[in-house]
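Here is the structure we will look at.
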Amino acid sequence: MEATIIDSPPAASPKRTAPISTGVLPSGAGMFLGVAVLIILLGIALRVVPSAGFGGIGFDESLYRSYVVALDEEGLASYPEITESFLRDQRNPESITKLPPTRFTYIYTAWIWKRIVFGNAAAANLRTPGAVLKDPALVSLHRVACLFSILTLVLAGVVAWRMFDQRIALGVLALLAFSPLQIHMSQHALIDGFFAFWAFLSLWLLWENLRAPNHAGWLTAYGVSLGIMVMTKENSFFVYCALLALLVANRWTRFGKVSPRLLLVSVLGPLVGLTLLIVLAGGTAAFVEVYTMLVSKAQNLQYAIKTGDGPWYRYLIDLLLISPVVLLLALGGAFRLLPVPVADAGNTLMQAPQSPGGYTPQCPSIKTGQSYLYLLLFVAATYLIMCNVKYGMNLRYATIWDFPLRVMAFGQLCLMTRSLGPRQPLVLVVAVAALCAYDLRQYLIFFADAKLYELASEGLLRAVKILK
């Protein structure tokens with residue numbers, strides 16, 4: 001009979017966590033890679049093939065396009081002038097709130113794409129038919145957003161494998177490949193999916209650094225990721241605070257070892273990114289003015305007042321509308337997948353129940369529970385901040401929770417089917433396939449049929465005919 005070790009590893013141990021064995025597929029590397037590639041190809045097809053009902057140019061997209069065009073015409077050295085132009089416009093009391101050019105990495109990456117693919121091609125006239133599909137800057141922004149949605153999918157498989165095991169990685173890959181939010185981000189020139197990639201990467205790299213202290217490669221990658229994240233969007237503040245909370249929580253949770261080098265990189269990475277942003281903005285005064293003006297104007301923006309407010313549980317309602325089954329499974333998993341203290345201190349092994357047919361599923365271990373706890377604390381810390389931003393709530397920002405929610409949802413499915421014995425693998429495959437099909441249907445309802453672009457609660461409610 002199999003047994004699962006449930007005693008906690010030493011804090012500094014670099015070893016990966018023990019998995020929940022699901023028995024979905026044989027553990028051979030060839031089978032795993034084959035199925036993973038198939039799932040990724042399906043996810044790529046869903047992201048690359050046009051499916052959005054909204055075919056126009058959104059307000060955010062038009063602003064990002066204008067920055068790419070300005071960067072293309074004036075060059076990188078003129079970025080302070082681009083920032084100054086933004087400030088002159090925003091100083092006008094009659095001017096509406098606009099997104100700042102300090103969301104640099106998304107704009108810069110799209111400009112690089114434009115230079116490589118389209119060269120010196122001029123901007124298209126947006127008033128002409130089909131300009132959305134022809135304008136070099138807008139197309140480049142869209143393709144960058146699509147690419148990073150695909151990279152997030154690939155990264156999800158790698159992270160799930162590193163934190164859990166191959167079988168869980170396949171389940172999470174499948175659920176994320178069909179995520180309505182991820183597909184929506186890939187269909188438009190929006191920054192949120194791009195930002196979610198860097199936030200997700202930083203979250204994972206912190207885990208690796210906790211498990212393998214003072215590893216030069218992990219430390220360097222973590223610092224670079226933090227710096228790029230800071231240069232991408234203001235929401236990096238929420239993620240950074242959550243990462244600091246995880247470092248503090250490590251004192252009790254023992255995810256790994258917090259070394260002085262890790263603390264130093266956690267400060268230097270964002271500091272370098274912030275310094276580069278200040279230089280690009282044209283100095284500290286201009287940088288501070290950009291953000292103070294953005295905050296002050298956003299508080300008076302009628303669209304934000306109408307759609308960006310609500311109670312603390314608004315994100316839960318919006319997620320329940322768009323991915324109800326995943327959310328409910330994840331909430332259940334949040335209570336069942338965490339580490340549980342051993343009642344008998346002398347018993348270090350927990351025997352898994354064996355079915356009459358000899359099939360023995362493993363039970364969750366303390367070490368695996370730490371992986372779930374790590375992701376849950378990240379969601380809780382970011383949620384606590386994001387639900388208290390006045391006039392600043394939007395389901396697009398919840399893209400950073402896609403991976404943790406789907407990990408916990410799949411873990412809950414594993415626990416729910418654990419008693420089925422040899423039938424567990426087949427039932428899991430059918431359940432995951434059904435959930436993927438349901439999420440795809442949800443995407444079609446909201447974004448193909450209802451043609452949603454913005455994710456305000458009113459639009460979501462109308463899409464499912466709660467409001468008419």
Side-chain angles (χ1 to χ4, degrees), residues 4-5 9 13-44 148-179 182 196-212 215 217-218 221-222 225 255-256 326 330 333 337 339 361-376 378-379 400-415 424-425 428-429 432-433 435-436:
T4 302
I5 300 176
S13 173
K15 296 180 180 179
R16 288 173 40 221
T17 59
I20 296 179
S21 178
T22 64
V24 179
L25 289 168
S27 58
M31 178 68 77
F32 166 71
L33 288 175
V35 177
V37 168
L38 178 61
I39 294 172
I40 290 172
L41 289 176
L42 286 173
I44 291 174
F148 275 82
S149 179
I150 293 170
L151 292 178
T152 299
L153 176 62
V154 176
L155 181 63
V158 174
V159 176
W161 170 65
R162 292 286 298 178
M163 294 184 72
F164 300 95
D165 71 353
Q166 293 180 358
R167 296 180 176 94
I168 290 182
L170 293 179
V172 174
L173 258 180
L175 293 180
L176 198 68
F178 289 81
S179 164
Q182 291 289 332
F197 171 84
W198 294 107
F200 181 23
L201 182 63
S202 299
L203 175 66
W204 169 52
L205 290 174
L206 176 59
W207 170 266
E208 294 290 357
N209 278 285
L210 288 170
R211 309 298 285 181
H215 187 285
W218 289 126
Y222 177 56
S225 178
F255 297 129
V326 167
L337 295 165
Q362 289 183 322
C363 299
S365 70
I366 286 281
K367 291 183 289 184
T368 302
Q370 283 186 314
S371 302
Y372 288 109
L373 178 60
Y374 180 82
L375 297 175
L376 181 62
F378 171 77
V379 174
I400 62 174
W401 301 327
D402 255 338
F403 176 78
L405 289 179
R406 278 157 177 75
V407 166
M408 287 186 279
F410 184 72
Q412 175 71 344
L413 282 176
C414 293
L415 288 176
Q424 185 195 29
L428 267 176
V429 170
V432 170
L435 189 50
C436 290

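- With a 4.5 Å cut-off on side-chain heavy atoms, L153 and Q182 do not count as touching.
- Residue L41 holds its CG atom at 10.0 Å from CD1 of I150, rounded to the nearest 0.5 Å.
- By the 4.5 Å heavy-atom criterion applied to side chains, V159 and L203 are not counted as neighbours.
- With S371 contributing its side chain and F164 its backbone, the two residues share no donor-acceptor pair below 3.5 Å.
- For the atom pair CZ (F178) and CD1 (I39), the distance works out to 8.5 Å, reported to the nearest 0.5 Å.
- Under the ring-ring contact (aromatic ring centres under 6.0 Å, His included) test applied with W204, the options F378, F403, W218 reduce to a single match, W218.
- The closest donor-acceptor contact from the side chain of Y374 to the backbone of W207 lies under 3.5 Å.
- Of the options L155, D402, V326, a side-chain contact (heavy atoms from CB on, under 4.5 Å) to L176 is made by D402 and by none of the others.
- For the residue pair G157 and A169, the shortest heavy atom distance occurs at O-CB, 3.6 Å.
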Decide yes or no on side chain to side chain contact (heavy atoms under 4.5 Å, CB included) for Y222 and L206, but give the supporting numbers first.
CA-CA 7 Å; Y222 177 56; L206 176 59; 3.7 Å; yes

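- Checking side-chain atoms of R406 against main-chain N and O of L175 turns up a donor-acceptor pair under 3.5 Å.
- Contact annotation: the side chain of R211 never approaches that of M163 to less than 4.5 Å [non-hydrogen atoms, C-beta and beyond].
- Once rounded to the nearest 0.5 Å, the distance linking CE of M408 with CG of L376 reads 5.0 Å.
- With rounding to the nearest 0.5 Å, the separation of CG in L415 from CG in L337 is 5.0 Å.
- Note that CG of L405 and CZ of F410 are 15.5 Å apart. Values are rounded to the nearest 0.5 Å.
- In this structure, L205 CG and S225 OG are separated by 5.5 Å, a value rounded to the nearest 0.5 Å.
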